[in-house]
Amino acid sequence: MANASPVRVRFCPSPTGNPHVGLVRTALFNWAFARHTQGTMVFRIEDTDAARDSEESYNQLLDSMRWLGLDWDEGPEIGGPHAPYRQSQRMDLYKDVAQKLLDAGHAYKCYCSTEELDARREAARAAGKPSGYDGKCRALTADEITAYETEGREPIVRFRMPDEPITFTDLVRGELTFTPENVPDYGILRANGAPLYTLVNPVDDALMEITHVLRGEDLLSSTPRQVALYKALIDLGIAKSIPLFGHLPYVMGEGNKKLSKRDPQASLNLYRERGFLPEGLLNYLSLLGWSFSADQDVFSIDEMVAAFDIADVNANPARFDLKKAEAINADHIRRLDPKAFAEACRPWLQAPHANWDPADFDEAAWQAIAPHAQTRLTVLSDITANVDFLFRKEPVEDEASWTKAMKGDPVALLTTAREKLSGADWSSADALKEAVLAAGESHGLKLGKAQAPVRVAVTGRTVGLPLFESLEILGKERTLARIDAALGKLGA
Ligand code: GLU
Ligand code: ZN
């Protein structure tokens with residue numbers, strides 16, 4: 001149960017676009033840490049950017065978390081003591097905090113126009129000086145303010161950074177120090193009064209009493225600003241203490257470039273559609289910056305939770321390796337209970353994946369073939385092509401497979417194979433193998449060469465599940481009819 005420990009972590013995505021694997025890794029590490037410490041997992045939606053946020057993306061986030069099995073103790077749809085958990089419903093709260101920061105002098109109004117800011121930034125750059133905000137409006141006089149207001153300028157609100165360095169101990173990277181030149185005063189409210197991420201994120205972390213902020217390394221540069229803001233919130237009695245921060249390493253994709261959320265390989269939906277198991281995907285993603293043990297890469301989610309500690313996260317960039325992700329997923333497919341496997345494949349045996357008439361689906365044949373598939377699939381979506389020969393009236397027509405398999409004298413081979421198969425014991429895959437083996441021998445062919453034309457005649461494909469088990473399940477009558485059809489096609 002939650003709340004057995006003081007640990008409170010949060011997963012706080014913005015609902016823009018499709019969820020990507022980097023985001024899932026962040027959710028997973030927070031969740032595993034919460035579960036390991038018997039703490040509380042807070043799920044918060046950072047939807048303060050009406051131009052980019054969408055309801056569709058919000059629904060996808062919730063659906064993805066549920067599919068992955070990453071549950072939350074406080075958040076959307078379940079509520080909690082700090083509700084609401086959608087920032088779009090908390091706007092008054094942020095404006096109130098911004099006003100308090102202004103009143104206490106922790107923030108000030110900045111009247112600089114974008115053009116003026118740009119011009120000064122250019123000049124600073126040209127002079128080789130730090131190019132962040134130069135503090136021009138830090139100490140305006142009453143007259144200067146009146147003059148700007150008379151001009152009709154609309155100020156933004158800026159947070160006043162302290163003039164001394166900011167130091168904090170990152171849970172992954174150790175002690176880090178940022179000097180004031182590198183962290184200029186920053187905007188917290190737009191001119192129209194809309195609060196920015198820079199304000200709402202730490203304010204909510206404070207109000208929601210978050211103890212550990214675990215997030216991607218791309219957010220490291222915002223941490224000194226947030227630490228300073230936190231100090232101001234403590235000063236105002238809004239925050240109790242500064243949370244601990246842990247920045248998870250970058251995930252590198254192809255060509256050792258940072259995996260971008262726009263990279264197709266980063267899309268969570270892609271893995272879902274290909275038939276990754278949630279536990280397979282989570283197992284793989286947990287290895288991006290963490291390891292279970294030196295000699296074990298495959299483990300259950302419960303084993304991960306039992307072993308997970310943020311102190312063991314590695315600061316080095318992690319490489320996203322699709323082949324390894326697939327291999328781990330394949331292992332998780334093998335680990336499923338056979339019944340669970342047969343059910344997990346179900347979506348790929350139905351529209352829109354099934355390439356057969358749904359009325360021809362045969363449950364008994366499916367149950368018979370499923371165990372042969374379970375030991376061979378890498379992703380569940382491959383099931384459709386592996387079993388379609390059972391449910392289609394005719395095997396798929398694939399010219400490339402046909403040309404590849406029908407070499408030498410396929411008519412002679414298929415004719416003999418048909419003869420031997422028709423006299424074989426159809427209750428035994430071994431007997432069917434003997435029949436094809438014998439047919440091959442009589443034409444001087446090894447089993448591999450002899451079975452290729454039979455496989456293509458019967459399944460339409462050159463690769464698939466173990467052939468003789470497949471024939472047994474398809475049955476004598478249909479197998480022989482397909483060999484006859486192939487012989488016909490070969491002009492025999
Ligand atoms: N909404 C922010 C994002 O998705 C959250 C960052 C954070 O964890 O502080 O980037
Ligand atoms: Zn200014």
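Counting convention: from 1, in listed order, for ligands and their atoms alike. Along the sequence shown, residues are numbered consecutively beginning with 1.
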Looking only at the aromatic ring of each residue, does the gap between the centers of Trp290 and Phe308 stay below 6.0 angstrom? yes

Looking at Phe320, I'd like to know if the NZ or CZ of Arg25 sits under 6.0 Å from its six-membered ring centre while staying within 45 degrees of the ring's axis. no

Please list, by chain and number, the protein residues whose heavy atoms come under 4.0 Å of ligand 1. Arg10, Cys12, Pro13, Ser14, Glu46, Tyr197, Asn201, Arg215, Leu219

Phe159: which of Tyr230, Tyr186, Tyr133 passes ring-ring contact (aromatic ring centres under 6.0 Å, His included): Tyr186

Near the Zn ion (ligand 2) (protein N/O/S, cut-off 2.8 Å, waters excluded) we have Cys110 SG, Cys112 SG, Tyr133 OH, Cys137 SG

Can a donor-acceptor pair be found between the side chains of Glu46 and Tyr197 at a distance below 3.5 Å? no

Verify whether one side chain among Asn329 and Tyr271 offers a donor that lies under 3.5 Å from an acceptor in the other. no

Would you kindly say whether Glu77 and Tyr85 are connected by a side-chain donor-acceptor distance under 3.5 Å? no

Distance-only side-chain donor-acceptor flag, Gln99 / Asp103, under 3.5 Å: yes

Is it true that a side-chain atom of Tyr284 and a backbone atom of Asp321 form a donor plus acceptor pair closer than 3.5 Å? yes

Under 3.5 Å donor-acceptor, Arg272 side chain and Leu268 backbone: no

